[in-house]
Amino acid sequence: MSQEVLRHLVMLGPPGSGKGTQATILSEKLGINAISTGSLLRHEAESGSKEGEKIKKLIDKGNLVPDTIMINIMKQTLLKPENLKGYILDGSPRSVPQAKALDKMLASRQMKKLGQALDAVLYLQVPDDYVIERIIGRFQCANCKTLYHERFKPTKVFGICDVCEHKEFIRREDDTYETVVSRLRNFREITAPLVPYYEKRGLLRCVDGTGPIDVVSEKIRKIVGY
Ligand code: AMP
């Protein structure tokens, strides 16, 4: 009997574990949206709004944005019509209160009726030294936002984006050594308790995230069943 394709997913893992890259691949394969709360927050941070300024300060220091804000973002995003055929939450929930709020949201009559219950939490496991090397070397196209890495995924032609041929690249402001150390500490203290949380609910699927991108995505493909 063939496995049903999983379409309601959470990507969990330390910063630099490849959540964004793998969520993008999954999104293309499954035809559903990858919802990166980090990208949504960076967008708000650049908007110049008062809330955006506060968010920017937190992100730039490698701190987490308050749960109340994140819970609101998850609620608004999951209810958007374009996300009703499935979702890949990349970077949320990132704390036990956020996970509990997500559970509550998904258990509501409306979400149940829409068949939005979580199918699996993909936990990308990567040791700290990998994470630091991955984050410090990463950059993206300023135009189409395709992600690259100096060592692991350089552009095919130096200085030219493979996808849109743009010649300008950017790095995230929070991708500095100091910030990564603080993001890793936050992961251990605030986010890692989600591992036993989802394990108890039978939703946790561990994936070794240390290999090349296509090796990791193949492991994920087998779990998700596409
Ligand atoms: P990411 O792009 O997932 O690495 O997220 C970048 C930054 O956005 C994080 O370091 C946090 O400051 C913030 N952020 C993203 N998602 C969350 C979340 N669910 N809870 C709290 N902060 C978040």
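Order of appearance sets the numbers: ligands from 1, and atoms from 1 within every ligand.
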Report, in ascending order of atom number, the atoms of ligand 1 lying under 4.0 Å from any heavy atom of Arg42.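 Listed by number with element, the hits are 2 (O), 6 (C).
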
For ligand 1, which atoms, with element, lie under 4.0 Å from some heavy atom of Gly91?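 It comes down to these atoms of ligand 1: 16 (N), 17 (C), 18 (C), 19 (N).
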
Nearest-contact summary for [atom] - protein heavy atom, Å:
| atom | result |
| --- | --- |
| atom 19 (N) of ligand 1 | Ser92 OG, 2.6 Å |
| atom 22 (N) of ligand 1 | Val65 N, 3.1 Å |
| atom 4 (O) of ligand 1 | Arg172 NH2, 3.1 Å |
| atom 20 (N) of ligand 1 | Gln98 NE2, 3.0 Å |
| atom 14 (N) of ligand 1 | Leu41 CD1, 3.3 Å |
| atom 3 (O) of ligand 1 | Arg94 NH1, 3.1 Å |
| atom 16 (N) of ligand 1 | Thr37 OG1, 3.0 Å |

Main chain of [Y], side chain of [X]: is a donor-acceptor contact present, judged purely on distance under 3.5 Å?
| X | Y | answer |
| --- | --- | --- |
| Lys153 | Leu147 | yes |
| Arg134 | Ser17 | yes |
| Lys85 | Glu82 | no |

Under 3.5 Å between some N or O of ligand 1 and some N or O of Ser39?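 No, since none of the N or O atoms of Ser39 sits under 3.5 Å from an N or O of ligand 1.
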
Honestly curious: do Leu9 and Met105 fall in one hydrophobic cluster under the side-chain, below-4.5 Å linking rule?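 Different hydrophobic clusters.
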
Identified side chain to side chain contact (heavy atoms under 4.5 Å, CB included) counterpart of Val96 within the set Lys100, Arg94, Gln98: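 Passing option: Lys100.
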
Grab the two heavy atoms, one from Leu124 and one from Lys19, that are nearest each other, plus how far apart they are.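 That closest heavy-atom pairing would be CD1-N, 3.6 Å.
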
On a heavy-atom basis, I'd like to know which of Ile59, Leu58, Asp175 is closest to atom 7 (C) of ligand 1.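 Among Ile59, Leu58, Asp175, the closest heavy atom to atom 7 (C) of ligand 1 comes from Ile59.
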
[X] contact mode with ligand 1 (heavy-atom cut-off under 4.0 Å):
| X | result |
| --- | --- |
| Lys19 | neither |
| Leu64 | both |
| Asn63 | backbone |
| Met74 | neither |

Within 45° cone and under 6.0 Å: Arg171 NZ/CZ vs Phe169 ring: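 Not satisfied by the 6.0 Å and 45° rule.
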
side-chain hydrogen bond (donor to acceptor under 3.5 Å, both in side chains): pairs with one or both residues in residues 186-196, sequence neighbours excluded: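 side-chain hydrogen bond (donor to acceptor under 3.5 Å, both in side chains) check on residues 186-196 returns Asp128-Arg188.
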
Residues in salt bridge (charged side-chain N to carboxylate O under 4.0 Å, His left out) with Glu218, at least two apart?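 Glu218 satisfies salt bridge (charged side-chain N to carboxylate O under 4.0 Å, His left out) with Arg221 only.
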
